[in-house]
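First the structure, in the form of structure tokens, and then the observations on it.
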Amino acid sequence: MLLFSDLTALLGGTLLQRPAAHATVQRLLLDSRRVETPADSLFFALRGPQHDGHRYLPELYQAGVRQFVVQDAVELAAYPDAGFVQVPDTLAALQQLAAQHRRRFSLPVFGITGSNGKTIVKEWLAQLLSPDELICKSPRSYNSQVGVPLSVWELTASHSLGIFEAGISEPGEMERLARVIQPTLGIFTNLGTAHDAGFASHAEKAAEKMRLFMGVDTLFYCADHELVHAAARRQLDAARTRLVAWTRQRPLFDAREADLLVTVQEAAADRTVVRVEQKRPRPQEYTFTLPFADEPSVENALHCLAVLLWRQVPAPEIQRRLDRLQPVAMRLEMKQALNDCYILDDTYNNDLAGLRLALDALARQTRRGRRTLILSDVLESGLSGAELYTRVAALLPTHGVERLIGIGPDISQHQTAFQGLNTAFYPDTEAFLADFRPEQYRQELLLVKGARRYGFERIVAAFQRQLHGTVLEVDLDALVHNLNFYRRRLQPGVKLMVMVKAFAYGSGSAEVANLLQFHRADYLAVAYADEGVALRQHGISLPLMVMNPAPDSFQKMRQYHLEPEIYSFELLQEYLRAAQEAAMPAIHLKLDTGMRRLGFAEEDLPELCRVLRENAAHLRVASALTHLAGADEAQHNDFSHRQLAAFGRMAPQLEAVLGYSILKHALNSAGIVRFPEAQYNMVRLGIGLYGVEATGQEQDALRPVSTLHTTISQIKILPAGETVGYSRRGEATSHERRIATLAIGYADGYDRRFGNGAGEVLIRGQRAPLVGNVCMDMCMVDVTQIQDAQAGDFATIFGQGLPLTELAARIGTIPYELLTNVSERVKRIFVAE
Ligand SMILES: *Cc1c(COP(=O)(O)O)cnc(C)c1O
């Protein structure tokens, strides 16, 4: 455990001020918006060209952070009980701390670098090795001077393998990353033109990247990249690094310049069959089917394959794992879009090499129709703007591109380079979206290729939103914000269980659970075993409680390590029967203190204690819980206190007969706000995470997570005296009206009770009342007052500007119901940052 008091020695800094309380460091914090557990966070005030972390000190202090590493002078009086260490360079200090952390563990660690494919190789390798290893890897593409230390900081003693990627843009940077990662194994993916700007030549770039691997035992790479091959030989052979190279050129293989020879045997539309020959340790030939057809994916998969063969994973097992390989979201994806268009989505990076690969992929598509390229500024090519865009322009006709939409200041500035093509230019993504007209795209193939900072995923979403009409947008940043709101209310050491039942209150369980796992929730809970199984299959490894475990699901619960909530003697007996056969996961005992739904009542306790005592050998109790019937309303305070008192009597009796301490928990979201004294050692967060503060006292502190929107399908002018829709319920009026038909109905989960004026939607920032009944797939609103409303416009059903609490009240229900009603046919889009 790291103590604040150790930092001065570790970082060689000056202690400006001691924190008032004895403080430990668990988390490294660089972003004031990401405060989660302030008490054990250490903030590094980084300074960059457009950013100065020192500016956020007041905000962080306000949020409860008390440990800081700074490089500027600080007005200490403003932070009386906080600790400050001053260092000459906060970034260097961050890296140094991570490097020291890394040194504490002696496990194999992969370092991955190269121009393209780092993230995908990292993700795939992790997928492929996950049956054998507990892996710590960089989240997403945390591969920078800042991202690498944060990734490495996540290493713990329980990991058996680390996989970290390193990306650089200037000479000198790799050495710093190598000191943090300290890889024992390396993968060099390839060398393209990305990040050329900082380097004198490609050879210099290869040599610089190779510095990541100066200390590794074994390096994997493709010998067909000549500069990589040369650099590996020159720099690493001398250091006696074992080089594991694969090639597609037989002469290289025959000359023993490469260990594996790969020949493509069959290139189908969705897979590639390869033969792999190897000489060492003994001559051997294999055939594998890679579930990909595009060249970048094949290359990435071959790197991984080389690693698996080197680890001597048996060939049939390798194939099984390859078959399960899941695409990484950031790879080039084909998506269906509006008006029978398709999008090749490559919104991840944009350098010349990457563009070339993407254009190759576009050219390979067999689908007919016009080809449009939506392209951001091309970054870091090392060329002058004029030359760069002349080169880009030359690529387009040869790859069949007929129309170019250029987005960004640079590409706009060099638009003359694209003369002769059908073009349009926009200074930024916002300008494009503001001008977006769906009818301008029909049966075409769009390549959307943009550097990440341009946020082109919004463009893809716009194309898709139009297609699906109705979309539930889930704001993951808001979710984390809400999580932290509740976290801050917990006493030290109190654990957090998060309820992800009912599809995470409609938000999409796998994605939400994944985020919660990343943000270190302690427990998750679902209603049914199947929900738990689905989460496990999505890689969720957190402890999971199942509230309604049917006895016939016990087998599954054992297999997936799901912990049942036991609420009756019958269920307990079933569980004990199952536990006789083979060990079962621990249980949670539900105590009924007044909800009168499920659980053991106080009078059942003697009997329960007897059964527990007699079967102590066959069961393990993880927790005891109760649920408050009216935590959200002050009028039920007395009742809630009686419930909590009963729980306070009952739970310790269980502990006494068990002879060990168990988790005890009683509070839901409302309870966390209203009964801070009854947190015991865990709480159960539900609706609050999703943005609804159930007591209504602190709604403003939460952010709405879900926004349900749809589009206007058509607008009609309704003469005076006519009605709208089924049963002629839309009342006739004495004046002409404009009626918009929206692409959402009760089959999407839009409640029928909103019909006939009870509900409102938001169009162009103004409210429009429902007219007539809500139909199965559509509904109608009056937009007479919203003059510029037109077909294709968004309509917000709930979310920002149209709070769930208000809507629920309008039809006499609760926000929970509106959230969980959104049907699964509604596409979920997850947005962050
Ligand atoms: C759903 C549920 C919760 C969470 O309740 P919220 O009001 O959504 O916070 C807590 N405990 C149990 C037993 C639940 O079923």
Side-chain angles (χ1 to χ4, degrees), residues 479 482-483 485-487 489-490 494-507 509 512-513 516 521-529 531-532 543-549 562-568 571 587-600 622-634 636 640 643-644 646-647 650-651 663-676 678-699 701-702 704-706 804-805 808 813-821:
L479 204 96
N482 298 340
L483 179 71
F485 168 81
Y486 287 95
R487 269 220 166 114
R489 300 186 159 248
L490 301 186
V494 173
K495 290 187 190 301
L496 184 66
M497 174 183 269
V498 184
M499 314 310 278
V500 292
K501 59 192 178 191
F503 206 45
Y505 288 50
S507 311
S509 1
V512 170
L516 292 168
D522 298 288
Y523 250 100
L524 298 178
V526 291
Y528 296 101
E531 298 177 279
L544 246 161
M545 176 176 92
V546 176
M547 293 190 290
N548 261 307
L562 306 173
E563 303 172 7
E565 176 186 300
I566 300 291
Y567 53 77
S568 68
L571 200 53
I587 61 171
H588 301 262
L589 290 169
K590 178 71 165 283
L591 303 180
D592 181 2
T593 56
M595 187 80 167
R596 297 289 174 253
R597 199 168 62 173
L598 297 175
F600 296 97
S623 85
L625 66 149
T626 193
H627 196 30
L628 300 180
D632 50 337
E633 291 174 304
H636 301 305
S640 296
Q643 280 196 277
L644 291 169
F647 186 62
M650 294 162 74
L663 291 169
K664 298 182 280 294
H665 43 121
L667 301 181
N668 59 1
S669 308
I672 299 173
V673 170
R674 302 203 51 248
F675 304 103
Q679 293 176 354
Y680 290 96
N681 43 16
M682 188 152 80
V683 297
R684 298 186 305 274
L685 176 61
I687 192 90
L689 181 71
Y690 308 98
V692 177
E693 206 285 280
T695 71
Q697 294 169 11
E698 312 225 21
Q699 183 58 53
L702 298 186
V705 167
S706 300
L804 278 166
T805 33
T813 183
I814 48 177
Y816 298 73
E817 190 185 350
L818 298 187
L819 278 174
T820 55
N821 271 355

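The model shown is predicted, which means the values in this text are computed figures rather than measured ones. Start at 1 and go down the list; that is how both ligands and their atoms are numbered.
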Problem set entry | For K664, side chain to side chain donor-acceptor pair (under 3.5 Å) partners two or more places apart | E655
Exercise. Is a donor on one side and an acceptor on the other found under 3.5 Å between the side chain of R684 and the backbone of H665?
Worked result: yes
For this session: Only counting residues at least two apart or in another chain, list the ones meeting salt bridge (Lys or Arg N to Asp or Glu O under 4.0 Å) with D592.
Result: R596
Problem set entry | Partner set under side-chain contact (heavy atoms from CB on, under 4.5 Å) for A502, not counting sequence neighbours | T820
For this session: If the plane angle is over 60° it's perpendicular, under 30° parallel, otherwise tilted; pick one for Y505 and Y816.
Result: tilted
Seminar exercise, completed: Sorted by chain and residue number, the residues with a non-hydrogen atom under 4.0 Å of ligand 1 are M499, K501, Y505, M547, H627, N668, S669, R684, G686, I687, Y816
Exercise. Any chance the rings of H627 and Y567 have centres within less than 6.0 Å?
Worked result: no
